[in-house]
Novice: 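Got a structure for you, written out below as structure tokens; questions coming shortly.
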Amino acid sequence: MDNNYFEDSKDVLGTFYTSEAGYWQVGGNIFDNVTWSARSGDNQPAGPNPTSNTSVGIPNPYKLDAANCVPDVVNRTAGANKGLKVSDGNCTPQNPAPTDPTNPTDPTDPPTGTNLSRGAGADGSSKASGTSYGNVIDGNLGTYWSPSGSTGSVSVKWSSDTAVSKANIREASGSEGAVRSWRLLNHDTGAVLASGSSAGVVSFARTSLRKITFEITGSNGTPRIAEFETYNG
């Protein structure tokens, strides 16, 4: 537990509901108006002066923001309509990197060229009342598809093999950020083309297929997908 900022809280670290004290690594934290209760029975807080009693090794490289800028980073990144920005370890929130597992350096700028979804077909796993699969390929941002619950899938399909290398998932106005996790699938083979944590532009290795599926695996409420655009280039 390093470089955290705790404010107006009580017993923010410890072992509770058991008399056995736990283990923690702490460093770089700021405790702002934090109160600590006395250790007794099944209440074993780490304060009032938390110190490490073990060491934890993290196998992957990472960079932490300084604790004193954590409140600002949280205010600028957490919650709705924040663009799902993330910290870069320098106290500077920025847009998340592309999530394409085959080429993570691809840009996420809006694609140009012909939207292959126009004139294609569409289907899916379920649809909420008043919505339609066809709404994701009609070019109209005022119409949308929603699953019958918080997760589900919608597909674009063609009558012959079609080369696709980029998709643009556009959420309906007012529901931006509802999609929290997703997978883009080659429906013909079941292969995962890409995955991520927010809707938008995604690039992947050019693939020839007849059906591509956007599968929502996690959301905040009921997602609304206005357009499922596809491109080759």
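Throughout, numbering of the chain's residues begins at 1 and tracks the sequence. In this text, all values refer to a predicted model and were calculated from it rather than measured experimentally.
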Novice: Give the minimum heavy-atom separation between Leu185 and Leu193, together with the two atoms involved.
Specialist: C-CD1, 4.0 Å

Novice: Work out which heavy atom in Ser155 is nearest to a heavy atom in His187; give both atom names and the distance.
Specialist: OG-ND1, 4.3 Å

Novice: Please determine whether residues Ile137 and Val154 belong to a single hydrophobic cluster, defined as Ile, Leu, Val, Met, Phe, Trp and Tyr linked transitively by side-chain heavy-atom distances below 4.5 Å.
Specialist: yes

Novice: Would a 4.5 Å heavy-atom cut-off, applied to side chains only, mark Tyr144 and Ser175 as touching?
Specialist: no

Novice: Given 3.5 Å as the limit, does a donor-acceptor pair link the side chain of Trp182 with the main chain of Ser198, or not?
Specialist: yes

Novice: Compare every heavy atom of Val192 with every heavy atom of Arg183, then report the nearest pair and how far apart it is.
Specialist: NH1-CG2, 3.6 Å

Novice: Would the number of heavy atoms belonging to other residues, nucleotides or ligands and lying under 6.0 Å from CZ of Phe16 be above 12?
Specialist: yes

Novice: So Trp36 and Val12, do their side chains get closer than 4.5 Å, heavy atoms only?
Specialist: yes

Novice: Does the side chain of Val179 reach to within under 4.5 Å of the side chain of Ser219, using non-hydrogen atoms?
Specialist: no

Novice: Please check if the side chain of Arg210 supplies one atom and the backbone of Lys157 the other of a donor-acceptor pair under 3.5 Å.
Specialist: no

Novice: Any donor-acceptor pair under 3.5 Å linking the side chain of Ser132 with the backbone of Gly134?
Specialist: yes

Novice: Could you pull out the closest heavy-atom pair between Asp138 and Asn140, with the gap in Å?
Specialist: OD1-N, 2.9 Å

Novice: Quick check on side-chain contact (heavy atoms from CB on, under 4.5 Å): which of Ser126, Ser146, Ser148 does Thr131 satisfy it with?
Specialist: Ser146

Novice: For Asn43 and Ala38, work out which heavy atoms get closest and say how close.
Specialist: ND2-O, 3.4 Å

Novice: Are Leu141 and Phe228 grouped together when hydrophobic residues (ILVMFWY) are joined by side-chain heavy atoms under 4.5 angstrom apart?
Specialist: no

Novice: Dump the intermediate steps for side chain to side chain contact (heavy atoms under 4.5 Å, CB included) on Glu227 and Asn168, then the final yes or no.
Specialist: CA-CA 8 Å; Glu227 291 295 302; Asn168 188 14; over 6 Å; no

Novice: Do you know the tightest heavy-atom contact between Pro223 and Ser150?
Specialist: CD-O, 3.7 Å

Novice: Quick one: does any side-chain atom of Asn3 pair with a main-chain N or O of Asp65 as donor and acceptor, under 3.5 Å?
Specialist: yes

Novice: Do Thr18 and Gln44 have side chains that approach each other closer than 4.5 Å (heavy atoms only, starting at C-beta)?
Specialist: no

Novice: Looking at CD1 of Ile216 and OG of Ser153, how far apart are the two atoms once the value is rounded to the nearest 0.5 Å?
Specialist: 8.5 Å

Novice: Within the structure provided, determine whether Thr15 and Trp24 are in side-chain contact (heavy-atom separation under 4.5 Å).
Specialist: yes

Novice: Are the side chains of Glu171 and Ile225 in contact, using a 4.5 Å heavy-atom criterion?
Specialist: yes

Novice: In the structure I gave you, are the side-chain heavy atoms of Trp158 and Ile212 within less than 4.5 Å of one another anywhere?
Specialist: yes

Novice: For Tyr5 and Glu7, what are the C-alpha separation, side-chain angles and deciding distance, and is it a side-chain hydrogen bond (donor to acceptor under 3.5 Å, both in side chains)?
Specialist: CA-CA 7 Å; Tyr5 191 103; Glu7 182 178 11; 4.7 Å; no

Novice: Taking the side chain as everything from C-beta on, heavy atoms only, tell me whether Val201 gets closer than 4.5 Å to Pro111.
Specialist: yes

Novice: Side-chain heavy atoms under 4.5 angstrom apart, residues restricted to Ile, Leu, Val, Met, Phe, Trp, Tyr: same cluster for Phe214 and Val156?
Specialist: yes

Novice: Distance from Asn115 atom CG to Thr230 atom OG1, nearest 0.5 Å?
Specialist: 5.5 Å

